2 protein chains.
Amino acid sequence: MPRGSGKVNLIDVARRAGVSLATASRVLNGSTRSVGDELRERVRRAASELDYSPSAPAQAMARGGTDVVGLVVPDIADPYFSTIAASIVRAAEPHGLIINLASTERRHEREAEYVASMRRQQARGIVLVGSRTTDRRQLEELRAEIAAYTATGGRVSAVGQHKLPTDTVVVENRAAARSLAERLLGLGYRHFAVLAGPTDLLTARDRFTGFREGLRAGGVDLASQDVVHGAFTRDGGYAAASELLDRGSGASCVFAVNDVMAVGALSAFRDRGIRLPEELAVAGFDDIASLRDVWPSLTTVRIPLERLGEQALDFLLDEPAQQTRIRRFSGEVVVRASTPGSG
Amino acid sequence: MPRGSGKVNLIDVARRAGVSLATASRVLNGSTRSVGDELRERVRRAASELDYSPSAPAQAMARGGTDVVGLVVPDIADPYFSTIAASIVRAAEPHGLIINLASTERRHEREAEYVASMRRQQARGIVLVGSRTTDRRQLEELRAEIAAYTATGGRVSAVGQHKLPTDTVVVENRAAARSLAERLLGLGYRHFAVLAGPTDLLTARDRFTGFREGLRAGGVDLASQDVVHGAFTRDGGYAAASELLDRGSGASCVFAVNDVMAVGALSAFRDRGIRLPEELAVAGFDDIASLRDVWPSLTTVRIPLERLGEQALDFLLDEPAQQTRIRRFSGEVVVRASTPGSG
DNA sequence: CGAGGTGTGGAAAACGCTTTCCACATGCTA
DNA sequence: TAGCATGTGGAAAGCGTTTTCCACACCTCG
């Protein structure tokens with residue numbers, strides 16, 4: 001194995017096998033065109049002897065397309081997003097796709113920038129996760145940015161290279177939050193508080209709205225002082241929970257619109273000497289696997305995180321589809337120790 | 001803004017600006033060569049009017065190199081790896097680097113495969129995280145696979161495009177584990193058990209070895225029945241903890257070689273009705289941020305996860321460096337509620 | 001035995017850029 | 001005024017592939 005041989009290209013392989021460039025190419029990329037057994041074997045051997053590795057950029061040029069899929073997330077360290085990312089990576093592998101990862105660090109206004117970067121890479125498609133871009137105007141800009149293709153602000157958006165509309169994969173947050181509210185009412189709670197997350201994030205809004213609807217349906221109202229907004233993070237949850245306490249909320253059950261916040265709230269409550277779950281019940285949303293071991297274990301809404309990524313990729317790989325497609329996944333309430341009931 | 005104009009290339013821009021291809025290129029990539037103000041402006045306008053976006057593959061061809069950095073991790077959904085990944089992504093951004101993410105799904109034998117894939121992409125460098133490849137023989141193979149460049153089995157390895165040796169970034173696991181042991185002895189514990197993780201993972205072995213050394217130095221031995229191996233995951237921790245109980249270990253303090261396992265163990269113990277931390281103390285390693293809210297909060301070893309990624313990238317971006325470089329980070333013991341002491 | 005496949009190999013164009021190499025004005029200096 | 005740097009623009013040669021388009025045998029059928 002010739003070490004330090006630098007870059008070896010197809011020409012080198014062809015020369016060593018004593019064939020033309022065309023023949024070498026045909027052998028190595030399993031073209032439809034048949035090549036004689038003799039030459040085929042010679043090329044194969046030459047390639048392996050030279051430790052030949054085709055250049056992806058060159059192939060991209062010649063073929064007019066790459067095997068790259070862009071993945072843009074708000075924060076890859078957040079377990080919610082890393083779980084989705086994992087599912088996308090897993091789904092991409094069998095198709096031989098390469099994943100280009102970018103993180104906006106929750107500066108959602110930079111989404112367009114990263115989408116543009118993926119476009120430069122000639123990505124076959126782009127999966128936008130947890131986009132905060134829900135505003136019509138911003139959407140238009142994003143659309144302009146990625147030229148003939150489109151993006152939207154759903155939970156997970158797939159921007160295909162060949163379709164104008166953007167397919168989106170969403171979780172039925174509102175309906176699930178409603179179910180959660182009903183379930184908690186069923187457990188006997190009557191006085192609720194909500195750690196509602198950021199106001200401009202559709203996902204957070206939907207969960208909040210659904211939850212309130214569920215309570216209303218059960219004849220329970222949510223006082224505005226029992227609702228506190230904040231960042232969609234662990235620290236955001238901690239801060240919001242503290243704020244709630246400072247306001248002197250008398251709630252017996254607190255709903256955090258995602259698990260990460262719920263877990264931060266758990267710590268805030270504990271730091272204030274509140275005994276959990278006896279004195280205060282807590283519920284979350286997402287059912288993040290790596291958070292299942294907190295105590296008290298979180299009552300939450302399980303959503304099929306692994307499926308979200310798969311579905312987004314399926315959309316990307318599917319043919320054109322002139323229609324904007326949308327796939328909705330429903331959530332399932334899971335009651336655990338953090339809401340012992342009869343609050 | 002001409003929508004649906006398909007691919008617009010430099011030639012289109014040049015034509016519209018009424019200049020040559022060369023001039024257009026010079027203007028747009030801020031070449032050293034100066035271009036007249038008049039033409040410069042015309043090209044700029046043409047490019048923006050056409051919404052021109054250069055093709056990265058084409059640039060890679062012409063420039064003979066990409067801005068891609070390959071990142072290979074065992075499992076992006078594991079908070080340990082996602083934290084490191086986040087730090088790499090963050091460090092890459094200011095340099096305009098694109099991250100190609102691949103996950104081996106903990107099938108470490110496939111590392112070489114992914115490294116090869118990154119090579120095809122003409123990656124400027126490769127960062128191998130949590131490689132299990134410690135064996136000399138495997139190392140040689142990997143080295144062959146990535147041609148003139150090298151990889152090693154340290155914690156985080158950086159495979160530069162231009163250097164033969166592989167730089168590596170490691171955590172001083174052994175020393176830190178020793179400190180942890182000493183600290184726990186100081187808290188009064190005398191009978192320990194260890195959830196030691198996989199036997200073939202250097203990181204796990206070092207932590208185990210260091211811990212045992214620390215105990216020995218304090219005159220305490222570890223009975224072989226108090227050591228159980230298993231997967232480096234949450235479920236691995238749960239299983240190992242259960243096994244420990246089944247064996248009837250009388251340990252008063254359990255050390256899990258990483259936080260993820262520790263957290264699984266917490267649940268296993270709780271499921272068996274053991275009161276934590278009163279009846280049994282638990283310690284972990286890593287100080288994973290998203291796991292800081294578990295109860296009882298974990299005594300663990302904090303390691304500068306964010307720095308690991310940064311350092312790996314620094315190595316990659318640095319010039320050749322014929323010597324293999326190695327950067328060691330030390331860990332810091334953090335005592336929390338899971339080891340109340342005087343066990 | 002000639003016309004028309006068919007199977008196989010090579011030459012060369014194309015993909016979209018960057019970057020040498022040239023050419024041509026200008027404005028200086030001697 | 002000849003002789004040169006210097007500044008600016010274009011033509012064209014790559015970069016490493018894929019993929020037409022041709023060419024040539026060799027077969028088969030009428």
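Model, not experiment: these values are computed from the prediction. All chains are named by letter (A, B, ...) in the order of the sequence lines, taking the proteins before the strands, and each is independently numbered beginning at 1.
Against DNA chain D, the stretch residues 52-60 of chain B makes no heavy-atom approach under 4.0 Å. Within residues 10-17 of chain A, the residues having any heavy atom closer than 4.0 Å to DNA chain D are, in order of number, A:Leu10.
Taking 4.5 Å as the limit, every side-chain heavy atom of A:Ser87 sits out of range of all side-chain heavy atoms of A:Leu305. Taking the side chain as every heavy atom from C-beta outward, A:Val127 and A:Leu316 approach each other to under 4.5 Å. Using a 4.5 Å cut-off on side-chain heavy atoms (C-beta onward), B:Asn100 and B:Met118 make contact.
Taking side-chain N and O atoms only, A:Asn29 has no distance below 4.0 Å to OP1 or OP2 of D:dT17. Between B:Ser34 and the phosphate of D:dG7, there is no side-chain N or O to OP1/OP2 separation shorter than 4.0 Å.
For A:Ser55, the side chain to side chain contact (heavy atoms under 4.5 Å, CB included) test picks out A:Pro57, A:Ala58, B:Gln122, with sequence neighbours left out. Under the side chain to side chain contact (heavy atoms under 4.5 Å, CB included) criterion, B:Val89 pairs with A:Leu101, A:Ser103, B:Ile99, sequence neighbours left out. Taking the salt bridge (Lys or Arg N to Asp or Glu O under 4.0 Å) definition, one finds that A:Glu306 meets it with nothing, sequence neighbours left out. For A:Arg42, the side chain to side chain contact (heavy atoms under 4.5 Å, CB included) partners are A:Ala17, A:Val19, A:Glu38, A:Leu39, not counting sequence neighbours. Partners of A:Arg327 under the side chain to side chain contact (heavy atoms under 4.5 Å, CB included) rule, at least two apart in sequence or in another chain, are A:Arg307, A:Gln311, A:Phe315, A:Phe329.
Annotation: salt bridge (Lys or Arg N to Asp or Glu O under 4.0 Å) contacts involving residues 81-93 of chain B, sequence neighbours excluded, comprise A:Glu105-B:Arg90, A:Arg110-B:Glu93. Screening residues 60-72 of chain B for salt bridge (Lys or Arg N to Asp or Glu O under 4.0 Å) gives B:Asp67-B:Arg124 as the qualifying pairs, with residues at least two apart or on separate chains.
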Show me the side-chain donor-acceptor pairs of residues 70-79 of chain B shorter than 3.5 Å, one per line, residues at least two apart or across chains.
from: B:Asp75; atom 1: OD1; to: B:Ala77; atom 2: N; distance (Å): 2.9
from: B:Asp75; atom 1: OD2; to: B:Arg106; atom 2: NH2; distance (Å): 3.4
from: B:Asp78; atom 1: OD1; to: B:Tyr80; atom 2: N; distance (Å): 2.7
from: B:Asp78; atom 1: OD2; to: B:Arg106; atom 2: NH2; distance (Å): 2.8

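For the helix from C:dC1-D:dG30 to C:dA30-D:dT1, the angle separating the two terminal helix axes comes to 50°, with each axis derived from five pairs and the value rounded to 10°.
The nearest whole Å value for the distance from the CG atom in A:Leu28 to the P atom in D:dG16 is 16 Å. For B:Asp37 and D:dT8, the CG to P distance is 8 Å, given to the nearest whole Å. In this structure, the CG atom of A:Leu21 is 8 Å from the P atom of D:dT17, given to the nearest Å. Rounded to a whole Å, the CD atom of A:Gln122 is 15 Å from the C1' atom of D:dT17. Residue A:Arg63 contributes atom CZ, which lies 7 Å from atom P of D:dT19 at whole-angstrom precision. Rounded to whole Å, atom P of D:dG16 lies 15 Å from atom CZ of B:Arg120. A straight line from CZ of B:Arg33 to C1' of D:dG7 spans 8 Å, rounded to a whole angstrom.
At the heavy-atom level, B:Leu39 lies under 4.0 Å from the strands shown only through sugar-phosphate atoms. Looking at heavy-atom distances under 4.0 Å, A:Gly64 makes no contact with the nucleic acid at all.
Rounding to the nearest 0.5 Å gives a distance of 11.0 Å between CG of B:Leu10 and OG of B:Ser53.
Here the side chain of B:Arg40 pairs a donor or acceptor atom with the backbone of B:Val35 at under 3.5 angstrom.
You can see that DNA chain C meets the heavy atoms of chain B within a 4.0 Å-exclusive cut from C:dG16 to C:dC21, reading 5' to 3'.
Each of A:Met61 and B:Gly18 has a nearest nucleotide on DNA chain D; the 5'-most of these lies closest to B:Gly18.
Salt-bridge check for B:Arg15 with B:Asp12: passed, with a basic side-chain N closer than 4.0 Å to an acidic carboxylate O.
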